[in-house]
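Below, chain A is the first sequence line, B the second, and so on; all start at residue 1. Because the structure is predicted, anything quoted here is derived from the model rather than measured.
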Amino acid sequence: MRILWFVLSPLMALAVGLFFLGLSRRFMARIQWRVGPPLYQPLIDILRQFTQKSVSHGPLFDLGVVLSLASSFIVVLFMPLGGTAPLSSSGGLLAVLYLMLLGPLGIALSGGEAANPNVSIGISRKLILAVGYEVPFLMIVLALMTYYGTISIGEIVAAQRESASAIASFPLVFSGIAYLLILPAMLGVRPFEVVGAAQEISSGPAAEYGGPYLALATIQHGLTMFIGISLFVNLLWGGASNPVVFFLKMLVVFAFGFWVNAAFPRLRVEQAVRYLWRWPTLIAFVGLILVATIGR
Amino acid sequence: MDRNQLMKWIKAPTKMAHKYSLNAVYFCTGCGVIEVPPTITSRWDAERFGVVPTATARQANLFLITGYVSVKTLRAIIRTYEQMPEPKYTVGFGSCTINGGMYWDSYNTINQLDKYIPIDGYIAGCMPRPEAIFVAVTHLWTLIDKDMADGYKRYRKNYAAYRANQEMILGEMEWPPIFQTEVATAITEREG
Amino acid sequence: MSLGLLLIVAFGGSLLTYLLGKVSARTRDAFAVLISLALVVMVASLYGKAFRVPFYGGFLGMPLVLRIDGLSWLFAIAASVLGCLSVVFSLGYMKGKERTSFYYSMLLLVIAAMLGVVLSGDLLSLFIFWEIMSWSTFLLISYNGGPALAAGMKYFVMSFVGSLAMLAGVLTLHGSFGTLEFTGVAAGMSSASPGYVLAILVLFGVAFGTKNAIWPFHAWLPPAHSEAPSPFSAVLSGILIKMGVYGFLLLMFVIVGLRTFLSLGVGRIEFHTVLSIIGAITILLPTFIAIFQNDAKRLLAWSTVAQAGYIILGISFGTSLSVAGGMFHFLNHAVFKALLFMVVGAVEYRTNGVRDLDSLGGLIKRMPVTFIVAVIGVCGLIGVPLTNGFVSKWLIYKTLILERSPFLAFAALFGTWGTILYSYKFLHNIFLGQLPQRYEDMERAPFTMLLPMTILSVVVVLFGVLPGIPLAVIDTIGVSFGFESLHVTPWGIASDTGALNTVNMLVAALVGLVVVWCVFRSGARSVSVGQADSYAAGAAVPRDKYQYSVRFYAPLRRMMAPYLKDFVDSFYMRLAGWVRGLGDGLRRIYTGYVGDYVMYILVFLAVLIFVQIAWSPW
């Protein structure tokens, strides 16, 4: 069963990630009173990009983007997607926190070799934004790990299944709210879209990507969305007992994230960090204090 | 999707993907660009057909040259075209790209874009309406289907001639030839 | 292998190196490498042994003792290996510089003194070797003169304050127990009053904390690390400041003892918690100061302060996992920080001393191997899984979370995110982006530099994939302190909640990379282009002007700069200013001019006479 999940969960992440990419375009189009592209448009785009002859700036340019996508798949292996996580006993949530960084870091290294200032500005913005949302995010994660007394995602999910899901229980409701407030920043959608701002810095880190590179970067973007949302579902919404329920829960969270995306304009990176360090941090901090003092 | 379409997808998925994912490079050369915003936003919604603007030349496969081309813009157009990954398609939008249009005797616009970069198709008119862009896109689909949108191949094949034309109007260019050809011999051949 | 012989070789080698330098430079170089290699072999042969030997009979009626056990072996092997690699690195780096004989001899002296510190079995010989180490370090830091002299002076003054505190501690202990041998003092300490133990801990803590540069004694470190010659910076940051960690470990777990240490405190405030909080502050503040540094070595220096915070946090938290994590992090930090300082040294060597992050760039095209080892070093520093830093930090985080200290864990985790920012800036501004025209025909780093860097980078990965190798040694030390065993396996730790298994991760990473690489390769082939063919909105890339590295994190800087002043350093500088003002004031009176002094005497006599004649109250 575990072996099966090794293959199944990356495939599920890939499919759902791409579905989310297509759905987000469709969703945005409908909010803007357009028809929008077909749901499978990202597949067509990726196929097109995959067969285009692009340019390479060097070995690191290739390796970085491969590393980025591979590490995103590895993060998925730590995630119980309505079943058991294939890599459940290899470092737990702490390893996930670290592995989640490898995605942006791979893109950053690869983009660095492209020798393009647009890319560098994008990466600088990405890292600043990450520092912005990591403050509340770490508080949320620490509150959860302290509350349940474990660093394993699987055990957190199991503990929630015994009692109520975290977002519906008393001290952790603060963490849940804070997570919802930072979710758009973690997914990289508006108002926190400043990293890949197409109009200012020519889509930032992806400015030099064409062809297969862009295809891989697009898939990685889909997986990032998948990971951000599935972390929420697992850690705060009690996970699920089978993949279908898990997917439905993800869909609800996704709809929330993209409703925000459609409703807000883009923030400057300082404004974004200022926001992230104000309300979400405050709420997450209250949650953490409550967990540390009251406990379970 | 009808059965005909499905058969095409099965036979040549790559070609179909190139057809239905036309990403246009964000490049506003002349007055014609005023027709692009309504095309890509709610009024006409080009995204239905997979046509979306992209930020950099690296990510695009469609180059829409909207209106007259001044000499200064030409340099950027050539650079952008050369940086697009193959296969790539170019569409000249408006009469100015065909023969100079109302700027036919201007001192600093070029008359025939086709001399400098290969063009796969034109949209005539001054201004063509957004609907014309859709007509052009469907025509481009037909061309791609029949392997006739081969501007990038022509560019590769006749690069020496194109480069010579470019240098004739721009003088010395800041970047070396992108394909290995002897530009100098091409010029002598033409003149001789 | 006797310990006396080891120290004789170390100290004698240092002296002989200097003398040989007068004869021939090549012989001296070879001899220095040989001596440092011999030290590595000799220390390695002591693995697993534990004994003590008195080496000097009666100093004030006390024998001076050398001893070795697991703890001192760990530090001794780290010191000797890093010293050896640094000597090898120096071969290239110091070529053509002046006073090289002095440099090599001092470098070997520092290594010898460090070995002396970790091998000494009583507090007096510890103090003596400690002083030799401080003095020789001072001489090496100020080797370059100019600003280096000021940096060295700062180091020396602060180190001197630490030494005085240590001397006071040693004398107090001698006064109360009559012996200075560790075992004797430990026996005495077990029956001492808590207040007394606390006072001793604070006195020695000032000395060790200054050396280890924990907040608020860190002010000497950034200038000293950035001004010292790079191979020595590697030793300084890698192992020398870790002598403070050794001191802390010795003090807390050998002399004071685990149980007493954990129960010490004033009222409800526990001493070890206070120390952990200081460790957390030491992580956070310097990390964010490091982000905005423009000097590569100063950036690494601030990073050293921050990483020392992890070590202090780990060992002072006082659970078996955290102490193992702290000790492991000391070892890891020694490896990757020495590596990174060597990388800067290699860059400095090839660019004629440029280490300004704003003016470098694109060196990956000229120094690919240096770049690869730099990436590995940076990964270790961040703690990317499958490098050594991950395991040690993971141990610390895990115990902090499970022991319900989320705020300390937050400081540690958030410090890591700051680490990513400055590490990426370090990599990007030196190696990535456009290569400036002036470095176009730069050569690769010479072999003598690449060799130590490669060895260190292999160690970073090896300890990350098979952390069981060092953890087994560390575990025995922990057990000797009185902690319970960690159940170390070659690839991690088998504990009840959330075990660590690096082999799983390695396999997943390899399979993932291979699969994605194959998929990537199945796409259309791409054409290789140079840096001149980069997207520039239709224009040709302007040479030397198409780089974003100056003020890399400008938006963050605008937000954070007002809060990130180094208040401690400005306090010290103001204190120094006051002392100088006092001196200047005194100098107005003590002019050094005999006429003035004669006048003072005459005026004083005149006043006395006046008082005697005109007004006689007595």
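- Among the candidates C/Phe414, C/Tyr397, C/Phe520, the residue making the largest number of heavy-atom pairs closer than 4.5 Å to chain A is C/Phe520.
- Of the listed residues (A/Ala215, A/Ser124, A/Ala70, A/Pro212), the greatest number of heavy-atom pairs within a distance under 4.5 Å of chain C belongs to A/Ser124.
- Interface residue A/Phe50: backbone and side-chain heavy atoms are both found under 4.5 Å from chain C.
- Looking at C/Ser534, its side chain never comes within 3.5 Å of a backbone N or O of C/Gln531 through a donor-acceptor pair.
- Chosen from A/Leu77, A/Asp62, A/Leu63, the residue pairing most often with chain C at heavy-atom distances under 4.5 Å is A/Asp62.
- Using modelled atom types, no side-chain atom of A/Lys53 and backbone atom of C/Arg525 make a donor-acceptor pair closer than 3.5 Å.
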Residues C/Tyr546, A/Asn118; criterion side chain to side chain contact (heavy atoms under 4.5 Å, CB included); working and verdict: CA-CA 9 Å; C/Tyr546 209 51; A/Asn118 290 313; 4.0 Å; yes
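- Chain A forms more heavy-atom pairs under 4.5 Å with one residue of C/Phe552, C/Tyr424, C/Phe407 than with any other, namely C/Tyr424.
- Looking at A/Ile153, neither its backbone nor its side chain comes within 4.5 Å of chain C, counting heavy atoms on both sides.
- Both the backbone and the side chain of C/Leu413 come within contact range of chain A, judged by heavy atoms closer than 4.5 Å.
- C/Thr319 and C/Ser322 form a side-chain donor-acceptor contact under 3.5 Å, judged by distance and modelled atom types alone.
- Using a 4.5 Å cut-off between heavy atoms, A/Leu67 contacts chain C through both its backbone and its side chain.
- Looking at A/Glu208, the atoms closer than 4.5 Å to chain C (heavy atoms on both sides) all sit in the side chain, from C-beta outward.
- Aromatic ring orientation, A/Tyr209 versus A/Phe61: tilted (interplanar angle from 30° to 60°).
- A/Leu97 touches chain C through backbone and side chain together, each having a heavy atom under 4.5 Å away.
- Summarising the geometry of C/Tyr535 relative to A/Ser202, their closest heavy-atom pair is CE2-OG, 3.2 Å, with the distance given to 0.1 Å.
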Residues A/Ser110, A/Leu60; criterion side chain to side chain contact (heavy atoms under 4.5 Å, CB included); working and verdict: CA-CA 6 Å; A/Ser110 155; A/Leu60 184 67; 5.7 Å; no
Intermediate values then yes/no, side chain to side chain donor-acceptor pair (under 3.5 Å), A/Tyr213 and C/Ser526: CA-CA 9 Å; A/Tyr213 302 90; C/Ser526 34; 3.1 Å; yes
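- If you measure heavy-atom distances from A/Leu216 to chain C, the contacts under 4.5 Å come from the side chain alone.
- Here C/Val519 is the residue among C/Val515, C/Val519, C/Leu427 with the most heavy-atom pairs under 4.5 Å with chain A.
- Heavy-atom distances place both the backbone and the side chain of A/Val131 under 4.5 Å from chain C.
- For chain C, the nearby part of A/Phe285 is the side chain; its heavy atoms alone come within less than 4.5 Å.
- A side-chain N or O of C/His428 and one of A/Ser120 form a donor-acceptor pair less than 3.5 Å apart.
- Ranked by non-hydrogen atom pairs under 4.5 Å with chain A, the options C/Val541, C/Ile364, C/Leu432 are led by C/Leu432.
- Residue A/Ala108 touches chain C through both its backbone and its side chain, counting heavy-atom pairs closer than 4.5 Å.
- Your options are A/Gly112, A/Gly211, A/Gly132, A/Ala143, and the one with the most heavy-atom pairs under 4.5 Å with chain C is A/Gly112.
- Contacts between A/Ile219 and chain C at a heavy-atom distance below 4.5 Å are absent for every atom of the residue.
- Residue A/Arg125: no heavy atom, backbone or side chain, is found under 4.5 Å from chain C.
- Both the backbone and the side chain of A/Val135 come within less than 4.5 Å of a heavy atom in chain C.
- A donor-acceptor pair under 3.5 Å links the side-chain atoms of A/Thr51 to the main chain of A/Arg48, judged by distance alone.
- Note on C/Leu556, C/Ile401, C/Thr416: by heavy-atom pairs under 4.5 Å with chain A, the leading option is C/Ile401.
- Of the two parts of A/Leu102, only the side chain, counted from C-beta on, holds a non-hydrogen atom closer than 4.5 Å to a non-hydrogen atom of chain C.
- Once rounded to the nearest 0.5 Å, the distance linking CH2 of C/Trp417 with CG of A/Leu138 reads 5.5 Å.
- The pair C/Glu440-C/Arg543 meets the salt-bridge criterion, since a charged nitrogen lies less than 4.0 angstrom from a carboxylate oxygen.
- Among the candidates A/Leu288, A/Val269, A/Val119, the residue making the largest number of heavy-atom pairs closer than 4.5 Å to chain C is A/Leu288.
- Atom OH of A/Tyr98 is separated from atom CZ of C/Phe390 by 7.5 Å, given to the nearest 0.5 angstrom.
- Of the two parts of C/Phe431, neither the backbone nor the side chain holds a non-hydrogen atom closer than 4.5 Å to a non-hydrogen atom of chain A.
- Remark: the backbone N or O of A/Ala115 is paired with a side-chain donor or acceptor of C/Gln434 at under 3.5 angstrom.
- Only the side chain of C/Lys365 has a heavy atom closer than 4.5 Å to any heavy atom of chain A.
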